[in-house]
*Asks:* 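One structure, as structure tokens, below. Some questions next.
Owing to the predicted nature of the structure, the values given are computational and were not obtained by experimental measurement.
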Amino acid sequence: MLAGNNFFLRGSSLASLALNTLTNSFLTEPGLLLKGMRIREGLTQKELAEMIGTKTHHISEMEHGKRSIGKAMAHKLAKALGVGYRVFL
């Protein structure tokens, strides 16, 4: 999706590389996606943790890729953030 915006970056291969790296990170890193969605919803890690019945440090660990997001957790996160659970798997 973002790759279609490369027309703004013609002539700047470094900027294009950075954009592609960022795009690929969001597509492959569930933790980054989780953090972005949480921030988009205006939630703190503590608020999200309370909503889904987990500890704040678990949210932090998931966002930083130190804790995997299993199917049960993906369902809880998806419900709290209003998205499909598969985005976290």
*Asks:* Given side-chain contact (heavy atoms from CB on, under 4.5 Å), test Val87 with Leu81 step by step and report yes or no.
*Replies:* CA-CA 11 Å; Val87 300; Leu81 298 169; over 6 Å; no
*Asks:* NZ of Lys66 to OG of Ser60: how many Å apart, nearest 0.5 Å?
*Replies:* 7.0 Å
*Asks:* Could you list the residues that satisfy side-chain contact (heavy atoms from CB on, under 4.5 Å) with Arg40, not counting sequence neighbours?
*Replies:* Met37, Val83
*Asks:* Taking only distance into account, with no hydrogens and no angle test, what donor-acceptor pairs under 3.5 Å do side-chain atoms of residues 46-58 form with protein atoms, sequence neighbours excluded?
*Replies:*
residue	atom	partner	partner atom	Å
Glu47	OE1	Thr44	N	2.8
Glu47	OE1	Thr44	OG1	3.4
Thr54	OG1	His58	ND1	3.0
His58	NE2	Arg67	NH2	3.1

*Asks:* Got a sec, which residues hit side chain to side chain donor-acceptor pair (under 3.5 Å) with Gln45, two or more places apart in sequence or on another chain?
*Replies:* Glu63
*Asks:* For Gly84 versus Ala78, what's the shortest heavy-atom pair and its separation?
*Replies:*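 Distance-wise, the nearest heavy atoms are C-CB, 3.7 Å.
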*Asks:* I need the full list of salt bridge (Lys or Arg N to Asp or Glu O under 4.0 Å) pairs touching residues 70-85, with sequence neighbours left out, sorted by first then second residue.
*Replies:* none
*Asks:* Can you spot which of Met62, Glu29, His64, Met73 makes a side chain to side chain contact (heavy atoms under 4.5 Å, CB included) with Leu34?
*Replies:*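 Testing each of Met62, Glu29, His64, Met73 against Leu34, the sole residue satisfying side chain to side chain contact (heavy atoms under 4.5 Å, CB included) is Met62.
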*Asks:* Please identify each residue that fulfils side-chain contact (heavy atoms from CB on, under 4.5 Å) with Ala74, with sequence neighbours left out.
*Replies:* Ile69, Tyr85, Phe88, Leu89
